[in-house]
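All of these numbers come straight from a predicted model, not from anything done at the bench.
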Amino acid sequence: MEPVPGADTDLYSLLYCSHATPEMTDDELPRIVGSAWRHNPAQGITGLLVFGGGMFLQWLEGPRSNVRALMQRLQHDRRHDCVMELHAFTGVTHRLYPSWSMQLVSPMDILAVLDQERRKSPHPRHAQAITMLMDLLQTEEGPLAPLRR
């Protein structure tokens, strides 16, 4: 997938987590990913999605207005509860996930994926956000601990 031309001029990264509601059945995850694959390229949105232990974790990147509009939809999505933004920033000049309209990453693989991105990212803000996320994921009783279960 090629990002929308000019989309990186207002590049915005946002990391959030949420709890799944009872509406989130096993059949819903492929629907969520399929919808992202269909709609995100036209909006210039890329990123990754992790689902496990009744929690979502998602890294979104793209034009600020498009990412914020997607967040508005997610906050009203019947499958999400307690949507919490963990980190958001502008001022980066490249995407971490330029070819991922939305990549589903298993909870078992997320630390390896994040570590790989942290090592190759030349932007210190990306590295800082990834380090913060990895710390949260590795904390036994932290807010993201259920994601690993």
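When atom types are taken as modelled, the side chain of Thr46 and the backbone of Ser101 share no donor-acceptor pair closer than 3.5 angstrom. Checking side-chain atoms of Gln138 against main-chain N and O of Met134 turns up a donor-acceptor pair under 3.5 Å. Looking at Arg38, its side chain does come within 3.5 Å of a backbone N or O of Gly34 through a donor-acceptor pair. Checked by atom type and distance alone, the side chain of Trp37 pairs as donor or acceptor with a backbone atom of Met102 at under 3.5 Å. In this structure, Glu61 contributes its side chain and Leu96 its backbone to a donor-acceptor pair below 3.5 Å. When atom types are taken as modelled, the side chain of Thr131 and the backbone of Ala127 share a donor-acceptor pair closer than 3.5 angstrom.
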Scan the side chains in residues 19-27 for donor-acceptor partners under 3.5 Å anywhere in the protein, sequence neighbours excluded, and list what turns up.
residue : atom : partner : partner atom : Å
Thr21   : OG1  : Glu23   : N            : 3.2
Thr21   : OG1  : Arg78   : O            : 2.6
Thr25   : OG1  : Asp27   : N            : 3.4

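At least one side-chain heavy atom of Cys17 sits under 4.5 Å from a side-chain heavy atom of Leu86. Within the 4.5 Å cutoff, side-chain heavy atoms of Leu15 are placed close to those of Met132.
Considering all non-hydrogen atoms of both residues, Leu11 and Thr93 come closest at CD2-C, 4.2 Å.
Partners of His126 by ring-ring contact (aromatic ring centres under 6.0 Å, His included), not counting sequence neighbours, listed by chain and number: Phe89, His94, His123. With sequence neighbours excluded, the residues that form a side-chain contact (heavy atoms from CB on, under 4.5 Å) with Gln75 are Met71, Gln72, Val83, Glu85.
Hydrophobic clustering keeps Leu114 apart from Met108 (ILVMFWY residues linked when any side-chain heavy atoms are closer than 4.5 Å, directly or through intermediates).
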Is there a salt bridge (Lys or Arg N to Asp or Glu O under 4.0 Å) between Arg119 and Asp115 once you walk through the steps? CA-CA 6 Å; Arg119 290 173 192 260; Asp115 189 48; 2.8 Å; yes

